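Working notes for the structure below.
Naming: A, B, ... by sequence-line order, numbering from 1 per chain. Just so we're clear, the structure is a prediction, and the values are computed from it rather than from any experiment.
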Amino acid sequence: MSKGLPDLNKDFSGWYTQVVNKAGLADYGPVKGTMVIKPYGFQLWEHIKEIFDGMIKNTGHVNAYFPLFIPKSYLAKEAEHVEGFAKECAVVTHTRLKADSEKGVVVDPDSKLEEEIIVRPTSETIIWAMYKKWIQSYRDLPILINQWANVVRWEMRTRLFLRTSEFLWQEGHTAHETAKEAEQETLDILELYRQLAEDYLAIPVYTGIKTESEKFAGADTTYCIEAMMGDKRALQAGTSHNLGQNFAKAFDVTFQTKENKEEYVWATSWGVSTRLIGAVILTHGDAKGLRLPPKIAPIQLVIIPIVKNDDQRQEIKNYMEPLIAQLKDIEIRVHQDWSSNSPGFKFNEWEIKGVPVRMEIGPRDIVENQVVLARRDTGEKLFIDKEDFKENIIKLMNDIQSGLFEQAQNFRNKNTHSVTDYKSFQKIIKEGGFVRCGWDGEQSTEAKIKEQTAATIRCIPFDEKQEGLTCILTGEPAKHEVIFAKAY
RNA sequence: CGGAGCGUGGCGCAGCCCGGUAGCGCACGUGCAUGGGGUGCACGGGGUCGCAGGUUCAAAUCCUGUCGCUCCGACCA
């Protein structure tokens with residue numbers, strides 16, 4: 001059935017790697033941990049980008065671009081932030097190479113930099129250094145800037161899309177007059193992330209707060225969206241940070257209030273990355289390969305003509321013409337596969353690539369005045385009358401979009417368990433799934449559980465009900481209800 | 001840093017022990033047939049055998065060195 005794909009129930013990780021490869025999404029770069037995003041994969045990113053870019057522009061944000069290179073000294077200014085990123089920074093130490101008779105080229109020792117430069121792992125520091133110059137008065141606030149960029153984090157263990165040394169993302173960096181305003185911004189963005197994930201990527205997410213040990217280094221509070229992948233592990237799909245006045249203090253960014261007082265600026269930052277593509281693959285994929293939500297699919301409908309000879313070829317082209325015009329009317333992204341591969345081969349190939357709808361057109365359909373549609377999400381084949389074509393396609397795309405979401409949501413709900421005893425906790429974590437339970441709020445408890453089960457607190461969900469709960473490990477009264485899971 | 005293993009067409013591998021014109025599968029190209037679930041047949045293109053030295057009439061194969069990668073351990077989380 002799915003020749004060449006590992007069984008996703010037995011070897012999920014092998015399945016993932018093969019799907020990424022066979023669907024033509026990405027390839028490995030020559031430097032360890034780097035990734036080439038191929039056109040088919042990049043189109044997914046382009047759609048995600050367009051959608052989210054529209055969302056933030058509608059809410060008053062603007063795009064800008066800050067440099068890739070950051071003075072090393074900047075990173076040292078915010079203590080916690082250094083802690084978090086120091087161990088995975090690429091550092092530029094020299095500026096030149098020179099020819100070498102034996103080794104080809106060598107680093108020119110004469111070009112050593114006085115102050116070394118780091119490649120951004122995130123841009124808070126350089127942005128706040130700039131905001132210092134730009135902000136004097138409350139009249140300069142708020143600043144609502146976003147940038148689409150690449151960042152580098154030198155990772156040891158990498159996987160395409162999920163964790164690579166260089167990745168693409170958007171990072172929003174906002175500056176506000178009040179704590180309240182910054183908090184509102186952080187939450188507003190989280191809501192946009194939720195919409196992006198659920199309404200467009202068809203990935204259901206839990207929204208909540210990160211614990212102290214899981215939050216962004218340098219933030220007061222980190223909010224997140226957490227999703228369940230097909231192997232029941234958790235994937236952090238987006239984070240929104242309330243940075244408080246941490247960076248304002250580190251970079252001495254103050255403003256004059258209406259009352260002519262000097263105050264530190266309040267900040268937020270937030271990001272989603274190409275990791276979302278990994279999330280789409282791991283959430284919706286099945287034994288046959290990818291299943292893409294129509295809203296982001298590079299190709300929403302693929303046409304596979306079934307032809308025996310040249311006469312038929314022309315006949316089918318004629319038959320297809322008005323149909324393609326209709327698809328164009330309703331702005332469906334269409335691809336026709338006239339390649340010389342056999343129909344069966346094409347079916348499988350486009351299924352691996354996750355195209356939501358396949359349309360087969362052959363001699364029989366011309367006789368019947370129909371088209372054959374196959375849904376990628378359910379595998380169902382539909383024979384529809386040519387006259388009802390347009391309406392059917394629109395409905396079908398919507399059905400597939402919501403169908404994928406519902407399937408994922410059912411799967412997640414079925415594998416999220418509320419428990420009160422540690423034995424059940426361990427069992428679920430071992431077998432796979434999310435656990436909702438009480439936690440005493442102690443970092444040491446969290447650490448012990450991680451050590452014993454490899455599960456971490458994914459978030460304190462917004463809809464937590466901690467009343468009457470006790471801590472899953474210590475039995476102390478619970479400070480929070482939390483979601484535990486093994487994470488990517 | 002310690003241990004082990006691997007470098008041979010694009011990919012995956014065999015050949016090495018026991019030296020004698022470099023092979024298989026997939027992929028690729030051409031042609032014919034086929035075409036509603038990975039189609040078949042025929043022909044064809046493509047490799048400094050990681051690199052450098054050595055032994056030999058002759059090295060992918062034996063010896064020495066070297067570079068690179070992978071896994072395990074260590075370190076880190």
Side-chain angles (χ1 to χ4, degrees), chain A residues 1-6 13-14 17-24 27-34 36 38 80 82-89 100-106 121 153-159 163 211-215 217 236 286-289 302-313 315-316 319-320 336-353 355 357-368 370-376 378-384 443-444 446-457 486-488:
Chain A
M1 143 176 111
S2 55
K3 213 185 210 171
L5 277 187
S13 140
T17 308
Q18 295 261 347
V19 167
V20 169
N21 179 249
K22 293 196 168 175
D27 204 346
Y28 296 95
V31 174
K32 188 176 150 57
T34 60
V36 176
K38 295 167 78 173
E80 278 190 55
V82 196
E83 282 277 311
F85 288 105
K87 282 158 283 184
E88 47 187 27
C89 282
D100 180 90
S101 53
E102 276 178 25
K103 295 180 176 167
V105 285
V106 293
R153 296 178 188 175
W154 213 261
E155 302 284 355
M156 294 310 286
R157 271 178 296 182
T158 58
R159 303 192 64 192
R163 175 171 284 112
T211 62
E212 192 62 23
S213 61
E214 294 280 332
K215 73 165 199 196
Q236 176 177 299
D286 69 7
K288 291 179 166 183
V302 63
I303 301 174
I304 307 206
I306 315 281
V307 279
K308 287 197 206 297
N309 54 49
D310 281 348
D311 287 352
Q312 271 186 6
R313 185 177 303 259
E315 212 179 322
I316 284 168
Y319 185 81
M320 270 168 49
Q336 305 176 32
D337 187 352
W338 288 94
S339 71
S340 61
N341 292 316
S342 71
F345 183 92
K346 294 178 190 175
F347 294 172
N348 283 288
E349 178 154 275
W350 292 108
E351 277 164 0
I352 288 178
K353 292 172 93 77
V355 175
V357 179
R358 176 181 77 234
M359 181 160 101
E360 303 167 26
I361 300 182
R364 293 212 292 264
D365 307 308
I366 299 181
V367 174
E368 303 285 335
Q370 65 175 13
V371 295
V372 178
L373 300 177
R375 290 176 63 149
R376 179 62 183 88
T378 59
E380 192 185 353
K381 265 202 190 190
L382 311 161
F383 300 83
I384 67 161
Q443 274 197 53
S444 57
E446 194 181 359
K448 260 179 221 154
I449 292 176
K450 184 178 177 185
E451 209 182 297
Q452 291 171 13
T453 68
T456 51
I457 298 179
K486 283 189 202 166
Y488 270 94

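- Judged by distance alone with a 3.5 Å cut-off, a donor-acceptor contact links the side chain of A:Glu351 to the base of B:rG37.
- Between the C1' atoms of B:rG20 and B:rU61, the separation comes to 11 Å (whole Å).
- If you measure from atom CD of A:Gln443 to atom P of B:rA77, you get 14 Å, rounded to the nearest angstrom.
- Look at the P atom in both B:rG19 and B:rC75: the space between them is 46 Å, to the nearest Å.
- With B:rG36, B:rG37, B:rU39 as the choices, the nucleotide that has an atom nearest any side-chain atom of A:Phe345 turns out to be B:rU39.
- The salt bridge (Lys or Arg N to Asp or Glu O under 4.0 Å) test applied to A:Lys353 returns no partner, not counting sequence neighbours.
- Across B:rA52 and B:rG68, the matching P atoms stand 16 Å from one another, rounded to whole Å.
- The P atoms of B:rU30 and B:rG50 are separated by 32 Å, rounded to the nearest whole Å.
- By the side-chain contact (heavy atoms from CB on, under 4.5 Å) test, A:Ala217 pairs with no residue at all, sequence neighbours left out.
- An OP1 or OP2 oxygen of B:rU39 is reached within less than 4.0 angstrom by a side-chain nitrogen or oxygen of A:Ser342.
- Taking only side-chain atoms of A:Glu349, from C-beta outward, the nucleotide of B:rG36, B:rG38, B:rG37 with the closest atom is B:rG38.
- Only the P atoms considered, B:rG5 is 39 Å distant from B:rG45, to the nearest whole Å.
- Atom OH in A:Tyr28 sits roughly 14 Å away from atom C1' in B:rC69 (whole-Å rounding).
- B:rC76 atom P lies 21 Å from atom CZ of A:Phe85, rounded to whole Å.
- Across all non-hydrogen atoms, the minimal contact from A:Ile306 to A:Pro343 is CD1-CB, 3.9 Å.
- One can place CD1 of A:Ile316 at 10 Å from C1' of B:rG35, the figure rounded to the nearest angstrom.
- Checked against side-chain contact (heavy atoms from CB on, under 4.5 Å), A:Arg163 has the following partners two or more places apart in sequence or in another chain: A:Glu155, A:Arg275.
- Straight-line distance from the CG atom of A:Asp337 to the C1' atom of B:rG37: 14 Å, rounded to whole Å.
- Under 3.5 Å, the side chain of A:Asn341 and the base of B:rG35 form no donor-acceptor pair of N or O atoms.
- Nearest-nucleotide positions on RNA chain B place A:Lys346 closer to the 5' end than the other of A:Lys87 and A:Lys346.
- Comparing the C1' positions of B:rG47 and B:rA22 gives a spacing of 8 Å, expressed to the nearest Å.
- Between A:Lys381 and A:Val372, the closest side-chain pair of non-hydrogen atoms falls below 4.5 Å.
- Atom CG of A:Leu5 and atom P of B:rG37 are 20 Å apart (whole Å).
- In this structure, A:Glu368 atom CD and B:rG36 atom P are separated by 18 Å, rounded to whole Å.
- Rounding to whole angstrom units, CG of residue A:Asp310 and P of B:rC32 are separated by 11 Å.
- Across all strands shown, A:Arg313 has no heavy atoms under 4.0 Å from either base or sugar-phosphate atoms.
- Here the nucleotide nearest the side chain of A:Lys308, chosen from B:rG35, B:rG37, B:rG38, is B:rG35.
- No donor-acceptor distance shorter than 3.5 angstrom exists from the side chain of A:Arg153 to the backbone of A:Glu88, with no hydrogens or angles considered.
- B:rA27 and B:rG46: their C1' atoms are spaced 12 Å apart (whole Å).
- A:Ser339 pairs by the side-chain contact (heavy atoms from CB on, under 4.5 Å) definition with A:Asp337, A:Asn341, A:Lys346, not counting sequence neighbours.
- For A:Gln336, the side-chain contact (heavy atoms from CB on, under 4.5 Å) test picks out A:Ile303, A:Met320, A:Ile324, A:Trp338, with sequence neighbours left out.
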Return one dot-bracket line describing RNA chain B 5' to 3' (Watson-Crick or G-U wobble pairs, both distances under 3.5 Å; ( ) same strand, [ ] crossing, | another strand, . none).
-> ((((((((.[[[[.)....(..]]]].((((((.....)))))).....[[[[[..)....]]]]])))))))....
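- Of the possible polar contacts, one joining the A:Asp365 side chain to the A:Gly362 backbone as a donor-acceptor pair under 3.5 Å is found.
- For the P atoms, the distance from B:rC71 to B:rG12 is 14 Å, rounded to whole Å.
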